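Below: one structure, written as structure tokens.
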Amino acid sequence: MSQDHRSLQQIIDFRLEKLARIRAAGYDPYPYKFDPDTQVQSIQETGDDLVGTPVSIAGRLVSLRKMGKASFAHIQDESGKQQIYVKRDDVGADVYNNLFKNLDIGDIIGVRGDVFRTKTGELTLHVRELTLLAKSIRPLPNLKEKDGQAFNEFDDKELRYRQRHLDFIANPEVKTIFRQRAAIIRSIRNFFDTRGFVEVETPALQPIYGGASARPFTTYHNTLEQKLYLRIADELYLKRLIIGGFEKVYELAKNFRNEGMDRNHNPEYTSLEFYQAYQDLYDMMELTEELIKTAAAATGKRTVNFGGKTIDLTMPFERKSMFELLNKKTGKTIEKMAEQQLLEYAQSLKLEVSSKMNYGQLLDKLFGELIEPDLVQPTFVYDYPKAISPLAKVKRNGDGTLVERFELFIGGMEFANSFSELTDPLDQRQRLEAQAKLRELGDEEAQVVDENFLQALEVGMPPTGGVGIGVDRLVMLLTEQNSIKDVILFPALRQI
RNA sequence: GACCCAGUAGCUCAGUCGGUAGAGCAGCGGCCUUUUAAGCCGUUGGUCGCAGGUUCGAUUCCUGCCUGGGUCACCA
């Protein structure tokens with residue numbers, strides 16, 4: 001408390017004095033329970049039919065208008081705000097003078113009374129009994145509003161993220177984003193459960209990290225005397241489950257990536273990965289499309305406004321090969337270009353490329369710059385270069401440079417990544433060893449060789465389709481938020 | 001990591017072409033038994049993000065740093 005400045009400390013001191021007066025008058029400021037029989041939303045919905053009916057509600061005091069021997073106030077519960085009318089002659093002089101007069105905005109109270117309509121028309125609870133449920137000793141932001149329009153709105157993003165509880169009190173509509181998030185995740189679980197998938201949990205602490213190209217967080221286990229990594233993906237463990245005979249698995253996992261943060265990236269984020277034995281990339285496309293449409297339906301939206309563009313989530317998703325998109329955009333035949341030609345072409349477009357980049361990285365760069373931003377309506381892009389896809393099977397009937405991989409783009413952003421999973425253990429070993437060479441050359445995001453995973457693959461893995469989806473991004477899309485911080489309850493911020 | 005913007009009372013913000021600051025709300029005291037951004041009278045509260053520099057004097061100008069936001073780069 002000593003770090004509070006004097007003006008704030010003064011407010012806290014006044015509230016502590018009130019707390020003491022309440023105790024001295026024999027009221028418990030922090031009692032054990034209260035049983036409200038109604039939520040305020042249902043009072044407002046029922047309307048005049050409720051007039052005269054006794055109800056009890058509980059919530060936080062968010063406005064207070066004292067007029068001597070009678071007062072109006074609003075209390076806010078999870079469902080909304082309710083005006084209450086507290087009159088000395090109805091609650092009793094002792095409660096009014098010794099308890100009610102020592103209340104502040106922010107206190108949590110329970111009230112029993114009956115409903116009436118004031119002369120200005122607001123359905124109001126006429127309080128007969130008032131119980132303090134928690135005394136607040138630290139002030140809230142201003143909560144003034146009229147006709148739904150807030151004054152002195154609590155909208156400083158830093159304060160809102162650092163003190164989320166205040167955000168939810170001052171801006172209760174923000175809670176709907178997180179209710180929708182819960183509904184989306186529930187619909188995802190339901191989607192897989194009804195299709196016979198098993199939900200699993202694999203290690204977040206891993207002795208070797210893998211399954212994606214990213215930099216990990218490291219930690220240390222004292223008893224094992226061993227370095228551990230926080231997972232960047234759960235892919236390799238899920239594949240071991242497929243090898244072991246689980247044929248359909250999914251996991252909603254927190255991943256941790258030690259990389260930059262911005263409106264699309266939080267260092268810890270939620271991924272969905274699912275794998276189905278005996279299926280391939282094209283089966284996964286269909287499953288992914290169905291899944292996203294199911295999740296969208298859970299929010300009741302058919303179209304969303306995302307990044308200033310309207311996206312229709314009911315239409316069939318587009319399916320395009322990377323070259324088809326690049327050729328159309330550039331007017332060239334990109335697949336006929338060799339690495340050197342691709343480099344020169346990218347340089348001619350003034351893209352940031354270097355001669356150290358391989359064929360796959362160059363193609364990925366071109367695609368990211370020229371095509372991704374235009375992929376507004378949901379589009380599956382397939383035929384990825386092998387060099388940047390070490391966990392995907394080579395494209396069937398191809399020349400060996402491409403793999404069976406798709407990524408799903410919506411609103412210019414990547415939402416899903418999928419492979420016909422590489423199941424050839426010898427090929428997989430070579431690809432991971434190639435990644436290890438990239439690491440030696442300084443690519444900190446290149447993947448590492450996981451001997452345990454390779455040995456599992458050697459036991460034999462059925463043909464399998466697998467998909468990874470960024471759940472936070474999906475929530476962003478479906479709740480029309482343009483920052484990942486707005487769909488994560490406590491986004492990462494620097495400690496101050 | 002680079003660039004741009006911001007940080008003044010508990011909250012929302014003004015302001016100082018350099019002379020150590022104001023408002024509304026909240027708070028405190030008083031009046032008020034159907035108010036609703038309640039009202040009326042009175043009133044407390046600030047290391048002006050932090051640290052240096054220039055200056056007789058810095059919250060204001062300069063430099064560095066901290067925190068957040070935005071854009072870009074990388075990634076999901």
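We name chains A, B, ... by the order of the sequence lines, and we start the count at 1 in each one. Keep in mind that what you see is a predicted model, and the values were worked out from it rather than measured.
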From [atom1] of [X] over to [atom2] of [N], roughly how many Å is that when rounded to an integer?
X	N	atom1	atom2	value
A:D155	B:A6	CG	P	17 Å
A:I84	B:U33	CD1	P	18 Å
A:K485	B:G70	NZ	C1'	11 Å
A:M261	B:G1	CE	C1'	14 Å
A:D104	B:G27	CG	C1'	9 Å

Could a donor-acceptor pair under 3.5 angstrom be found where the side chain of [X] meets the base of [N]?
X	N	result
A:D156	B:A6	no
A:Q83	B:U35	yes
A:N142	B:C25	yes

For [N], the Watson-Crick or wobble partner whose two distances fall under 3.5 Å:
N	value
B:G22	B:C13
B:U60	none
B:U71	B:A2

Has [X] got a side-chain N or O lying under 4.0 Å from the OP1 or OP2 atom of [N]?
X	N	value
A:R65	B:G39	no
A:R6	B:G46	yes
A:K146	B:A37	yes
A:K365	B:C74	yes

Quick check, are the ring centers of A:F490 and A:Y161 under 6.0 angstrom apart?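 They do not qualify: ring centres at least 6.0 Å apart.
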Counting any heavy atom closer than 4.0 Å, what does [X] reach on the DNA or RNA strands: base, sugar-phosphate only, or nothing?
X	value
A:R263	sugar-phosphate
A:N255	nothing
A:D90	nothing
A:K81	nothing
A:Q149	nothing

Within 45° of the ring axis of A:Y384 and under 6.0 Å from its six-membered ring centre, is that where the NZ or CZ of A:R405 lies?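 The answer is yes, since A:R405 meets both limits relative to A:Y384.
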Intermediate values then yes/no, salt bridge (Lys or Arg N to Asp or Glu O under 4.0 Å), A:R128 and A:D114: CA-CA 8 Å; A:R128 310 292 174 178; A:D114 44 79; 2.9 Å; yes
Expressed in whole Å, how much space separates the [atom1] atoms belonging to [N] and [M]?
N	M	atom1	result
B:G68	B:C28	C1'	33 Å
B:U44	B:A37	P	28 Å
B:G46	B:U63	P	31 Å

Taking the nucleotide of RNA chain B with the nearest heavy atom to each, does A:K69 or A:L159 sit closer to the 5' end?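 Final value for this comparison: A:L159.
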Starting at the 5' end of RNA chain B and moving along, which residue's nearest nucleotide shows up first, A:K66 or A:I105?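 Comparing both residues, the 5'-ward one is A:I105.
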Does the pair A:R60 and A:D77 meet the rule for a salt bridge (Lys or Arg N to Asp or Glu O under 4.0 Å), with working shown? CA-CA 6 Å; A:R60 188 181 298 277; A:D77 72 7; over 6 Å; no
